[in-house]
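Notes follow the structure.
Source: prediction; values computed, not measured. We name chains A, B, ... by the order of the sequence lines, and we start the count at 1 in each one.
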Amino acid sequence: MNVVTSIPTDITPEGTDYDTVCRVIEMLTEDYRDQPSLEKIAGRLGQSPTQLQKTFTRWAGLSPKAFLQAVTLDHAKRLLRQEDMPLLETSFEVGLSGPGRLHDLFVTHEAMSPGEWKARGAGLTVRYGFHPSPFGTALVMITERGLAGLAFADVGQERASFDDMAHRWPNANYVEDSAATARYAARIFNPERWCAEEPLRIFLIGSDFQVRVWQALLNIPLGKATSYSKIADEIGQPTASRAVGAAVGRNPISFVVPCHRALGKSGDLTGYHWGLTRKRAILGWEAGKA
DNA sequence: CACACCGCTCCCT
DNA sequence: AGGGAGCGGTGTG
């Protein structure tokens with residue numbers, strides 16, 4: 001791997017909307033037993049309920065109350081119960097990932113060949129950059145064949161996020177190019193720029209099994225969710241739900257490949273590579289877009 | 001080959 | 001609610 005000279009720190013200003021949302025989520029999950037009221041939460045943040053309302057509206061077009069509802073276990077269970085989940089398109093052909101995604105980010109996907117996968121990124125040039133997002137700092141990685149990586153970093157953890165990603169394709173050549181990646185970030189996190197006519201090109205770098213799991217994730221519409229066991233069914237390996245979980249956890253293109261829409265069968269969130277709080281935030285944000 | 005490690009699930013207190 | 005067993009893919013040696 002090339003030596004990396006440019007890892008910015010602390011590019012996201014403190015006191016952002018996401019920061020506030022995170023703290024609300026954390027308060028709520030800490031003492032979920034005695035559900036603190038909105039007034040109490042606002043008070044603990046040193047804000048008025050009205051201010052909190054404004055923050056959520058700016059962030060996701062959602063009231064705090066609607067957001068809280070969207071991230072409860074009950075709501076997750078309802079998401080899992082729905083029957084209209086599209087079936088997985090089993091072919092590896094390039095094409096739209098699924099029908100009927102009116103408000104969702106459209107993508108076309110291309111997967112690495114098994115030979116390329118074994119090379120662990122040899123001969124691949126990856127350009128990367130850090131950008132602010134509704135969910136904290138995002139690390140965007142692109143190749144000539146499309147978007148290959150999207151990671152998140154907590155404040156001051158930019159280097160750790162980069163290492164996490166770079167170790168996945170250790171033989172690739174990494175070049176800082178935030179001018180190029182900024183265009184991707186701007187589009188990915190702005191729903192007004194999601195359109196079917198010009199789908200976002202993504203490049204799935206993973207094993208055969210992993211790519212099949214990630215393709216299944218692409219079929220989950222915005223505002224919905226599925227379970228690890230359902231994904232296992234869809235890819236034709238109904239007893240492999242645990243392996244599915246591991247593969248979901250290795251998804252290199254967070255958010256765009258919606259691994260946050262995979263939940264435990266009971267509706268538990270069970271895990272997220274970039275932190276459970278972030279998974280809740282993304283699901284809540286999407287509830288405001290669905 | 002043999003492990004150990006995982007964003008799982010099910011069954012049993 | 002929490003523990004244990006069995007599950008399949010992957011990385012390491």
Side-chain angles (χ1 to χ4, degrees), chain A residues 1 22 25-26 29-35 70-77 79-81 85 88 90 92 111-122 135-136 148-154 157 160-161 163-172 204-220 224-286:
Chain A
M1 191 203 313
C22 273
I25 293 172
E26 276 155 12
T29 46
E30 268 166 32
D31 32 46
Y32 63 100
R33 241 170 284 274
D34 45 61
Q35 290 283 328
V71 296
T72 58
L73 183 62
D74 281 350
H75 184 255
K77 283 179 176 166
L79 290 181
L80 292 177
R81 229 176 291 128
M85 195 65 68
L88 172 70
T90 48
F92 275 55
M112 240 189 182
S113 72
E116 288 174 308
W117 168 237
K118 281 203 202 94
R120 310 284 280 160
F135 318 109
L150 177 44
F152 291 104
D154 290 326
Q157 299 301 118
S161 269
D163 290 344
D164 182 315
M165 295 301 291
H167 286 322
R168 300 168 187 229
W169 319 305
N171 299 327
L204 266 20
I205 306 177
S207 70
D208 189 81
F209 181 83
Q210 287 169 338
V211 168
R212 272 156 57 217
V213 169
W214 302 338
Q215 286 173 323
L217 292 175
L218 286 169
N219 287 333
I220 313 170
K224 311 230 170 147
T226 193
S227 67
Y228 302 99
S229 57
K230 273 191 191 174
I231 295 174
D233 286 340
E234 285 181 18
I235 65 173
Q237 301 190 226
T239 57
S241 54
R242 186 168 189 173
V244 166
V248 170
R250 295 293 293 167
N251 167 34
I253 318 183
S254 308
F255 185 74
V256 172
V257 176
C259 59
H260 52 278
R261 297 179 198 151
L263 314 176
K265 194 168 210 179
S266 66
D268 286 334
L269 264 55
T270 66
Y272 192 66
H273 188 76
W274 307 108
L276 267 182
T277 298
R278 190 171 266 108
K279 186 172 184 174
R280 284 183 204 282
I282 296 176
L283 287 169
W285 185 86
E286 289 193 335

Any idea which of [options] is nearest the [X] side chain?
| X | options | result |
| --- | --- | --- |
| Ala262(A) | dG11(C), dG7(B), dG9(C) | dG7(B) |
| Thr239(A) | dT9(B), dC7(C), dG7(B) | dC7(C) |
| Ser207(A) | dG9(C), dG11(C), dG7(B) | dG9(C) |
| Ala246(A) | dC6(B), dG9(C), dC8(B) | dC6(B) |
| Phe209(A) | dG8(C), dT10(C), dC8(B) | dT10(C) |

Integer-rounded Å distance: [N] [atom2] and [X] [atom1]:
| X | N | atom1 | atom2 | value |
| --- | --- | --- | --- | --- |
| Ile235(A) | dG8(C) | CD1 | P | 12 Å |
| Ile231(A) | dC8(B) | CD1 | P | 12 Å |
| Asp164(A) | dG11(C) | CG | P | 14 Å |
| Trp117(A) | dG9(C) | CH2 | P | 15 Å |
| Asp268(A) | dC8(B) | CG | P | 10 Å |
| Leu269(A) | dC8(B) | CG | P | 12 Å |
| His273(A) | dG7(B) | NE2 | P | 8 Å |
| Trp214(A) | dG7(B) | CH2 | P | 14 Å |

How do Lys265(A) and Lys279(A) order along DNA chain B: which one's closest nucleotide is nearer the 5' end?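 Nearest nucleotide further toward 5': that of Lys279(A).
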Checking Lys230(A) side chain against Leu80(A) main chain: does a donor-acceptor pair fall under 3.5 Å?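 Yes, because the side chain of Lys230(A) sits within donor-acceptor range (under 3.5 Å) of the backbone of Leu80(A).
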Donor-acceptor under 3.5 Å (Thr226(A) side chain, Ala262(A) main chain):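 Absent.
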Across the strands shown, which category fits Ala240(A) at heavy-atom distances under 4.0 angstrom: base, sugar-phosphate, nothing?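 Result for Ala240(A) = sugar-phosphate.
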Counting any heavy atom closer than 4.0 Å, what does Ala247(A) reach on the DNA or RNA strands: base, sugar-phosphate only, or nothing?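 Result for Ala247(A) = nothing.
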So does Tyr228(A) reach the base of dG7(B) with its side chain, donor to acceptor, closer than 3.5 Å?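 By the distance-only test, yes, there is a pair.
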Does a side-chain N-to-carboxylate-O contact under 4.0 Å join Glu234(A) and Arg212(A)?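 Between Arg212(A) and Glu234(A) there is no salt bridge, as every charged N stays at least 4.0 Å from the carboxylate O atoms.
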Residue pair Leu79(A) / Lys224(A): nearest heavy atoms and the distance that separates them: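 Between these two residues, the closest heavy atoms are CD2-CA, 4.1 Å.
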Comparing Gln237(A) and Arg242(A) on DNA chain C - which has the more 5′ nearest nucleotide: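 Comparing both residues, the 5'-ward one is Arg242(A).
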Considering Watson-Crick and G-U wobble pairs with both distances under 3.5 Å, what does dC6(B) pair with?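 Result: dG8(C).
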Given dT9(B), is OP1 or OP2 found less than 4.0 Å from the side-chain N or O atoms of Ser229(A)?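 For dT9(B), OP1/OP2 do have a side-chain N/O of Ser229(A) under 4.0 Å.
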How about His260(A) and Glu286(A): do any of their side-chain heavy atoms sit closer than 4.5 Å?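 Side chain of His260(A) against side chain of Glu286(A), heavy atoms only: contact under 4.5 Å found.
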